Amino acid sequence: MENLIALKTNRIPWALKIRGVLTILVAIFIGVWFLTPLVLITISAFASPRDYYQIEKVIPTHFTVEHFHALFFELEGWQAMLNSLKVVGLTILFSFTVGLPASYALSRYKFRGKSFLKLSMLASRMFPVMILAIPLLIIYMKIGLSDTIYGVALAHTIMVLPLIILVSASILASVSVDYEEAAMIFGLSRIHAFLKITLPLALPGLVASAILAFIISWNEVFIATILNLTNRTLPAHIFRSAMDSPDYFKFTAGFIMSIPAVIFIFFVRKHLVTMWGISLK
Amino acid sequence: MLSGRKERIWTPYLLFLPTLIFLAVFVGYPLLKTFGLIFISESGKPSFRNFITLMQDSTFWKALKYTLLFLFTIVPLQVLLAFLFALFVNRRFKGYMMILYIIALPLALSDVSAALLSYNIFTSHGFLNKFLLKLGVVEIPILFFGLGLSSRAFWVIVLTEVWRATPLVFVILLAGLQVISKDYLEAGDVFGFSGWQKFFHLTLPMVMPSLQSALLIRTLFAFKIFGVVWLLAGRDLPVLAGEAYYNQAELFNPPIAATYGFVIVIICTLISWAYITIFKSRYLEE
Amino acid sequence: MTNVTIRGLCKYFDRVKAVDNLDLEIKAGEFIVLLGPSGCGKTTLLRCISGLERVTAGRVFFDDHDMTYLSPKGRDISMVFQNYAVWPHMRVEKNIAFPLKVKKFPQQEIKKRVAWASDLLRIEELLDRYPAQLSGGQRQRVAVARAIVVEPRVLLMDEPLSNLDALLRVRMRSEVKKLQQKLTVTTIYVTHDQVEAMTMGDRIAVFNQGMLQQVGISDVIYHNPANTFVAGFIGSPQMNFIEVEIESINNELYLRTKNLTIPLNDKFKAKVSEHSGIRNYILGIRPEHIYLTGQSKTYPVTKGKVYFLELLRSDTIIHLETEFGFLVVKEPGDLKLEENREIEVSFDLNRIHLFYEDTGNSIMT
Ligand SMILES: Nc1ncnc2c1ncn2[C@@H]1O[C@H](COP(=O)(O)OP(=O)(O)OP(=O)(O)O)[C@@H](O)[C@H]1O
Ligand SMILES: [Mg+2]
């Protein structure tokens, strides 16, 4: 065994060592490049205004949570956040209610026009949905949906629906038909079989696509700003008011908006490549 | 199958019905409405007035110009950077998952938050200026935002967008790289390919579909660029989507806003169509 | 022509010892077959020889050159991958031609070789297709064509015929063998099909769990297996193994268990008396070396009840239930025996193998 170890250690080429060092350097560059803005906004979100306006103070030493308090309770941030959550929840609800049957059809049936429907779903992903906000506002005003969270949620559903259909279809397709058919052999109806067998098996994947919908809706600002004047979502609220507020409020707002996004990435980190790989193609 | 023939024929269409109805009501009808807004004058007659107004408006051309400028600076940078990162991470060195995670962090960030993150660095009291002052590199803060500084703001916006959206491209490209079986490259090794030959004759052609779809998605996105620009430069750097927003929300002029939107739709449609006809990966077809 | 020397080669994946302290000498121009069950480390060994896998310990030499840390590019080898690795974005023709192009062969020569290989492997009509449009077997043939056209120093093949239909496989066996003789290229051929190994290899190297069990010509492997693993792995149906004890009766040595008593063959006597302390052995006998008494005049040994018959028409395989366990007997031709009938069988005494019970090694080594 001793001479085995001796053999092992000698003659590892230099090129490999240089490679290792290069890898570490690039990794450090990537770390700095992507983390710096996030770290800095966190510092600024808690920095006291006095430190911020002191030009020679690069890293603040006094911290406060006052901005959060002010933003949430004096500047209607809390209300906006609740609106955002409601919009997101409704968007997910609408898009799954409408879209899940369609994705089931795509994953389980062969029928004429299937590839056309699939293609139109892909095409509607390319469509710049935001511009629909303008006619939608006019329509909403007529039917009393303007300035409501339902209106925004429905508009967001347009954006999310094709995505949900395509991603869910590929997730459902990955659950073997055999399980469902086995259940049907044992006397369950097709709907029952779907609810009892396929849905639980596909649930983790569907949750992931729901999170995707969450992020899209949570981040959307153009439609939300145009459709609603008073019942604003958080991004719309910040978008409209941020530039008129003192800098430290901007940073706190930026921080608050970034948190869910970063947490989201944390939760889906294992499925990142597969999930976004499907959904972005 | 257990179910009757009738059921089998109609079920998929029935399942698709809610989606089709929804899209008809919330996409089809508003689109018609858009056409109405643009091409029918207040007196109810067909008219190209809105279109002509737009074409004669220098702001429109400026907006188009800046949109394209952003497109041609941001997209190549993003794709190149993302491709390099993806190639790097795909080497699967020890701890590559950590790096993947770090790169992905901005993935879900909105343009509004990215703008604020960037403002935090580049504003007059921002970290960059404080840092440079401390080092004595500059005497007074460098201003990036404000009147007459639009070219500086331009580059800050480019940087911000590259930072924010590189991860999106990265993930698409990494997914594309990961489905390339290791064996294909090993076969290249065995037959004596050099590193470059492997890259240009094996990796690149095989990742091309992902590269193309990333390119398309980012190009389409670039035409919708709005939040970052609006927050950091306002109308000093007009862009198409920004003008649509401005006409709707500030000037309350839906017909012109809709016309801007219409232009975006046309451009996006043309690009998608061109993309589909030009790029086809033959080997993926059965 | 290149000879390949492997010395003390180890490849560990964490705790899995895929290849464990392997020594093997492959002569220039030899066709050696690596044979072993699934997961025994055959592919890993090929990858170590090709340089795709970095060895944990040990050395690989081509002639006198130490190749251990050389990249595959520097080794002038070619390989048929177990899962083909036919490049999906190149048409069949380009797949075969491209390695030649990389090696800077002249255009004329490339054309000639592609034509030659595609004719040999019967893939001329497929040259314009993409791999996605091929069946598994067709893809495999493309992989073989690609590997042979470059005329390497060492040709590595990882189960290159596994996916072909029986007829084509038999034909390809002889084609590959003839080709190798013509090119006289040192060839390392992996398979888990023993018929392939027997018919193709100049020598066979049998593996199990990362360890080399025995190397030799097929005759030796079949008739003098080095241990119970090789004995059991080669031959179909499998060799019968019976635990026996040495007993001395009237100064004669016998192998005994239950109702079985066999006189010890002369060739074993010296060895057995050398290790007179050991009493327990494993007797091995191939099904084809057991005969039904009455058909042959060999030594009658034991009785058993017919438990089950496999009628292969060319042969009949009889499973007998005996007092010391099941015994499998292979008789040529169609045989009609009712189940549960008691019959007598006899062993060919010259074809008996004897292994130590503890190590499983043949006592003849
Ligand atoms: N990259 C790897 N990481 C971890 N273990 C591995 C790796 N490659 C192979 N192994 C393990 O090493 C052992 C040998 O694998 P190998 O592929 O060499 O077997 P094989 O003899 O080629 O089998 P088969 O006939 O099925 O192809 C197996 O136990 C396998 O699980
Ligand atoms: Mg193998």
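No experiment lies behind these values; they were computed from the predicted model shown. Order of the sequence lines sets the chain letters (A, B, ...), proteins ahead of strands, with each chain counted from 1.
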Participant: Check each atom of B:L14 against the heavy atoms of chain A and say whether the ones under 4.5 Å are side chain, backbone, both or neither.
Facilitator: neither
Participant: Between B:L84 and chain A, with a heavy-atom cut-off of 4.5 Å, which part of the residue counts as in contact: side chain, backbone, both or neither?
Facilitator: neither
Participant: Checking B:V112 against chain A: side chain, backbone, both or neither under 4.5 Å from a heavy atom?
Facilitator: side chain
Participant: Sequence neighbours left out, what passes salt bridge (Lys or Arg N to Asp or Glu O under 4.0 Å) with B:R164? Give chain and number order.
Facilitator: B:E161
Participant: Measure B:T34 against the heavy atoms of chain A and call it side chain, backbone, both or neither at under 4.5 Å.
Facilitator: both
Participant: Would you please test B:L109 and A:M257 for side-chain contact (heavy atoms from CB on, under 4.5 Å) and show each step?
Facilitator: CA-CA 8 Å; B:L109 233 49; A:M257 276 203 68; over 6 Å; no
Participant: Drop me the distance from A:L22's CG to B:F93's CZ, to the nearest 0.5 angstrom.
Facilitator: 12.0 Å
Participant: Short question: side chain of B:N120, backbone of A:L40 - any donor-acceptor pair under 3.5 Å?
Facilitator: yes
Participant: Say you draw a straight line from CZ of A:F29 to CD1 of B:I99; how long is it, rounded to the nearest 0.5 Å?
Facilitator: 11.5 Å
Participant: Filter on side chain to side chain donor-acceptor pair (under 3.5 Å), then keep only pairs touching residues 128-139 of chain B, sequence neighbours left out; what's left?
Facilitator: none
Participant: Evaluate the ring-ring contact (aromatic ring centres under 6.0 Å, His included) criterion for residues A:F239 and B:F226: first the C-alpha distance (whole Å), next the side-chain angles of each, then the deciding distance (0.1 Å), finally the verdict.
Facilitator: CA-CA 11 Å; A:F239 183 75; B:F226 163 63; 5.2 Å; yes
Participant: Are side-chain heavy atoms of A:S258 and B:L117 found at a separation under 4.5 Å?
Facilitator: yes
Participant: Answer yes or no: is there a side-chain heavy-atom contact under 4.5 Å between B:S113 and A:F255?
Facilitator: no
Participant: Do any pairs count as a ring-ring contact (aromatic ring centres under 6.0 Å, His included) and have a residue in residues 115-135 of chain B, sequence neighbours left out, and if so which ones?
Facilitator: A:Y52-B:H125, A:Y53-B:H125, B:Y119-B:F145, B:F122-B:F144
Participant: Can you say whether B:S124 sits under 4.5 Å from chain A via the side chain, the backbone, both, or neither, judging by heavy atoms?
Facilitator: backbone
Participant: Please look at B:I103 and chain A and tell me whether the side chain, the backbone, both or neither of the residue comes under 4.5 angstrom of a heavy atom of that chain.
Facilitator: both
Participant: So that I can tick it off, tell me whether B:K224 and A:E220 are bridged by a salt bridge, with the cut-off set at under 4.0 angstrom between side-chain N and carboxylate O.
Facilitator: no
Participant: Would you mind checking which part of B:Y13 comes under 4.5 Å of any heavy atom in chain A, side chain (CB onward), backbone (N, CA, C, O), both or neither?
Facilitator: side chain
Participant: Go through the atoms of B:L231 and report whether side chain, backbone, both or neither lie under 4.5 Å from a heavy atom of chain A.
Facilitator: both
Participant: Considering only heavy atoms, which portion of B:L20 lies under 4.5 Å from any heavy atom of chain A: side chain, backbone, both, or neither?
Facilitator: side chain
Participant: Does anything in residues 239-247 of chain B reach chain A? List residues with heavy atoms under 4.5 Å apart, or say none.
Facilitator: B:A241, B:A244, B:Y245
Participant: What I'd like to find out is whether the side chain of B:F16 reaches to under 4.5 Å of the side chain of A:P101, using heavy atoms alone.
Facilitator: no
Participant: Atom CZ in A:F251, atom OG1 in B:T123: separation rounded to 0.5 Å?
Facilitator: 6.0 Å
Participant: Where does B:L220 contact chain A at under 4.5 Å (heavy atoms): side chain, backbone, both or neither?
Facilitator: side chain
Participant: B:P106 versus chain A, heavy atoms under 4.5 Å apart: side chain, backbone, both or neither?
Facilitator: side chain
Participant: Heavy-atom cut-off 4.5 Å, strictly under: side chain, backbone, both or neither for B:L133 against chain A?
Facilitator: side chain
Participant: Measuring heavy-atom distances to chain B, does A:L100 have an atom under 4.5 Å in its side chain, in its backbone, in both, or in neither?
Facilitator: neither
Participant: For the ring pair A:F94 and B:F26, is the centre-to-centre distance below 6.0 Å?
Facilitator: no
Participant: Please report the interatomic distance OH(B:Y29) to CG(A:L136), rounded to the nearest 0.5 Å.
Facilitator: 10.5 Å
